[in-house]
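Just so we're on the same page: letters track the sequence lines, and every chain starts at 1. No experiment lies behind these values; they were computed from the predicted model shown. Scope of the values below: all heavy atoms of this structure, side chains included, with no hydrogens, waters or symmetry mates.
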Protein chains: 4
Amino acid sequence: MATTTTAARTVASGGAHARDLDKRARILDGAVKVFAKRGFFHARVSDVAKASGVADGTIYLYFKSKDEILISIFEDRMEWILAELKKRMAKLPTARGKLEEFVDFHIMLATSYPDVCDVITIELRQSNKFMKEYANTRFLEYQNLIGDVLREGKDDGTFRSDIDPAVVKRAIFGALHELVSQWVLMKLPANRLLRAASQLKSFVLAGVVGGEK
Amino acid sequence: MATTTTAARTVASGGAHARDLDKRARILDGAVKVFAKRGFFHARVSDVAKASGVADGTIYLYFKSKDEILISIFEDRMEWILAELKKRMAKLPTARGKLEEFVDFHIMLATSYPDVCDVITIELRQSNKFMKEYANTRFLEYQNLIGDVLREGKDDGTFRSDIDPAVVKRAIFGALHELVSQWVLMKLPANRLLRAASQLKSFVLAGVVGGEK
Amino acid sequence: MATTTTAARTVASGGAHARDLDKRARILDGAVKVFAKRGFFHARVSDVAKASGVADGTIYLYFKSKDEILISIFEDRMEWILAELKKRMAKLPTARGKLEEFVDFHIMLATSYPDVCDVITIELRQSNKFMKEYANTRFLEYQNLIGDVLREGKDDGTFRSDIDPAVVKRAIFGALHELVSQWVLMKLPANRLLRAASQLKSFVLAGVVGGEK
Amino acid sequence: MATTTTAARTVASGGAHARDLDKRARILDGAVKVFAKRGFFHARVSDVAKASGVADGTIYLYFKSKDEILISIFEDRMEWILAELKKRMAKLPTARGKLEEFVDFHIMLATSYPDVCDVITIELRQSNKFMKEYANTRFLEYQNLIGDVLREGKDDGTFRSDIDPAVVKRAIFGALHELVSQWVLMKLPANRLLRAASQLKSFVLAGVVGGEK
DNA sequence: TATGAATGAGTGTTCATTCAT
DNA sequence: GATGAATGAACACTCATTCAT
């Protein structure tokens, strides 16, 4: 993902500062590794520098503070994640298919980029600046992709009419998140997560489709 | 809960000096407030001391380190929570009733003791000692209460036979947790959480009961 | 002077925190030595700690910042200097005698406490906080002791009626200060300064007494 | 003064590349502004670069270190000041006239180039290299212009025979310096300094001429 | 037991200086 | 020469923990 993100950024910025972006991306990549391994607070900025192959001071040419590195990881990765997920979901015709795609994509992210996953879901909360000063709109936007599908499904009669998308989207996200978190934390093999994902889809679909009798 | 917990501990400790236990409990209560407010890392031990009405050094007569305070909060609170929840669920005859009770109890905890909730679900993860050296059996035990109900429901035919309790218990816990977390983080009014809880129960029951055809 | 100052403070504070004041005074004494030797900016806080026989962190129990140490030296020393000088000048009957006493006392300070002298006259200016946020009233108060004498001498006819105390007090202070500064900077023997002082008194008295024809 | 100085240097350097000298002079001019505003220690080399319109690295093509910029300001300005002052004093026939010219010229410098004045009199002392490794002969040379006049006046009977030029020259310089310093520090209007200068001349002349009766 | 003053290891950040372009 | 991105040494300050009282 790192490479893709960098490429995206390079293109987005019109290639003016190709070298800067490389280094910025390298630092973010290094930071993801270090933060995931040591935790945000226990990670030293000098560790990030070493992992990124730059000098300590160089970090501060690209980021104002340690906190900002963390926030930038989130921004940078979420930007890519949201774009990619929207693209994939748009291709699918049914609400049910979209919902399954969301779950599959989330699981894919977690297995492919466990460090990013850890940083975004665990470490990010340790930044005061992030939790307090920063409206974490990206998180909401992510969850809203489920909400949109739920509404779509309600409208076309696929899903029950009595579900509240605002609540259920979070329930689904939370279920996914918990499965992934435990998988990350316990460092289980990938197939365990894949089987869990299939169970989850079944559970979730039953939850939004089948009314209890 | 604090009072009850202290009482429980007093019993559990088999009659050690009552005053010691008061102080220990006071420190834990103070720590919960401070950790919830400032976050574990940004909280100073001296803040905990001040909030507890003891001297800085006194903390170390009851806890080996800052980390241990955090872990003790978890141990102490979870002990009470598990005992209480088991008692309540045991009283109910049906798996469905037990499942609903689990959700209601979790929500009740969150609304009654938001600080404890925050510390256990958010701050706890910031302790390396907890996440790495500590087998968080209590968390599993808590989730297993759902797992047991799910198995019970599968056995008596209430719930679908194809659900995997090991996965679904985590999905349900995750859904609950996410709803509560956002409620805590965004400091929403209590009734918002209560309505969400009712939606969640409907969603979860549909998920474990109704099979999609 | 350090001892006297400490004694004064102890008394002033009513002896409540005798130990604190000892340590505070020790730190100020250490800081005077270190600042005079290395210069304020080149002096490390840890140098001050070492010179004071305390740990680095202890410094911050008594002073908010490195800047505040510098300012406290000034406050602390000037308080004593002003009190002592006022007392001495009050004892003398004539304006001429008082003026001579001012010069003698200033020279005595410089020769007895060259480090304090250096810190107050040279290093103090390196503190942004001092120069900008701090109304250095003590300096003015010190110079005003000359101004008062000049007015007294004008009133009783000892000094010329056309001198402007507001200007001449600074001229006299500046002359004294320059002689002392060079003496400090060049580390000349004490007798050189004493001879200069006698010349200075003669020059100054001629300046304020004798009108040119 | 900046322009004149550059011209002087161009001549002095015997026709080196004019462009180099422009840049060197530009850097010194920028440094004077920045040092006067922020203080030597708080001023960043990059600030000087920005104020001079050159790149950070360019500074080091003309000066070995930040310290050397400061010293060069002094050298450069003093060279011009001394030459100019000598020329002016030489034109005057009497010791008294020369002494008055010295005061007037010093005051003129301070009012015309307050930044230079601040740097030379205040900031210069913050450079260890200057104060310790550098024999500040220029300062002495400057003061010696007063010393020479005093001797001249003693010889022709204008001034008292018992004055010691080595002491009195410093007293006069110190008096001048103090008046100017306070004027700079307090950012007073120019006319205040001019009035003070007239008082000072009267005081100084009385000091060197009139014997006390 | 309780205290809280003292400790000193630990680290984010700055900025003078260098050097590849 | 000129640039400015990169370097990395340096340091003020914090705070968990200790221990004399």
Next on the checklist: Whether C/Lys23 contacts E/dA5 is assessed here as follows: a side-chain N or O lying under 4.0 Å from the phosphate OP1 or OP2. Is that the case?
Outcome noted: no
Checklist entry - Between D/Ile27 (CD1) and E/dA16 (P), how many Å, whole number? => result 15 Å
Item to check | Most 5' of A/Ser46 and C/Ile59 on DNA chain E, judged by nearest nucleotide | outcome: C/Ile59
Checklist entry - To the nearest angstrom, how far is D/Phe63 atom CZ from F/dG1 atom P? => result 13 Å
Item to check | Chi angles and distances behind the side chain to side chain contact (heavy atoms under 4.5 Å, CB included) call for C/Val119, C/Arg77 | outcome: CA-CA 10 Å; C/Val119 171; C/Arg77 268 41 174 180; over 6 Å; no
Item to check | Minimum-distance nucleotide (side-chain atoms of B/Leu61 versus E/dA5, E/dA2, F/dA6) | outcome: E/dA2
Item to check | B/Lys37 side chain vs B/Asp115 backbone, donor-acceptor pair below 3.5 Å | outcome: no
Checklist entry - Can you tell me how far C1' of E/dT13 sits from CG of A/Asp47, to the nearest Å? => result 15 Å
Item to check | Intra- and inter-strand pairs of DNA chain F in dot-bracket (Watson-Crick or G-U wobble, both distances under 3.5 Å; | for another strand) | outcome: .||||||||||||||||||||
Checklist entry - Residues in side-chain contact (heavy atoms from CB on, under 4.5 Å) with C/Leu124, at least two apart? => result C/Leu70, C/Phe74, C/Phe130, C/Phe139
Checklist entry - Rounded to whole angstroms, how far apart are CD on D/Glu68 and C1' on E/dT17? => result 14 Å
Checklist entry - F/dA6 P sits how many Å from A/Asp22 CG, rounded? => result 10 Å
Checklist outcome for this item: Across all chains, not counting sequence neighbours, the side-chain contact (heavy atoms from CB on, under 4.5 Å) partners of B/Asp118 are B/Ala36, B/Ile122, B/Glu123, B/Val184
Item to check | Between F/dA16 (C1') and B/Leu70 (CG): distance, integer Å | outcome: 15 Å
Item to check | side chain to side chain donor-acceptor pair (under 3.5 Å) pairs, two or more places apart, involving residues 40-56 of chain D | outcome: C/Asn128-D/His42
Checklist outcome for this item: Residues passing the side-chain contact (heavy atoms from CB on, under 4.5 Å) test with A/Ala51, sequence neighbours excluded, are A/Val34
Next on the checklist: Measure NZ/A/Lys50 against P/F/dG8 and give the value in whole Å, please.
Outcome noted: 12 Å
Next on the checklist: For A/Ile69 and A/Phe35: C-alpha separation, side-chain torsions, deciding distance, then whether side chain to side chain contact (heavy atoms under 4.5 Å, CB included) applies.
Outcome noted: CA-CA 10 Å; A/Ile69 303 174; A/Phe35 289 170; 4.1 Å; yes
Item to check | Those residues that, when tested against A/Ser72, pass side-chain contact (heavy atoms from CB on, under 4.5 Å) (two or more places apart) | outcome: A/Arg24, A/Leu28, A/Phe63
Checklist outcome for this item: By side-chain hydrogen bond (donor to acceptor under 3.5 Å, both in side chains), D/Asp67 pairs with (sequence neighbours left out) D/Ser127
Checklist outcome for this item: Rounded to whole Å, the CZ-P distance (B/Phe41 to F/dA16) equals 10 Å
Using a cutoff of under 3.5 Å, can you pull out all pairs of nitrogen or oxygen atoms linking the protein to nucleotides 8-11 of chain E, with atom names and distances?
{"from": "E/dG8", "atom 1": "N7", "to": "C/Gly57", "atom 2": "N", "distance (Å)": "3.1"}

Next on the checklist: Measuring to OP1 and OP2 of F/dC19, would you say a side-chain N or O of B/Tyr60 lies under 4.0 angstrom away?
Outcome noted: no
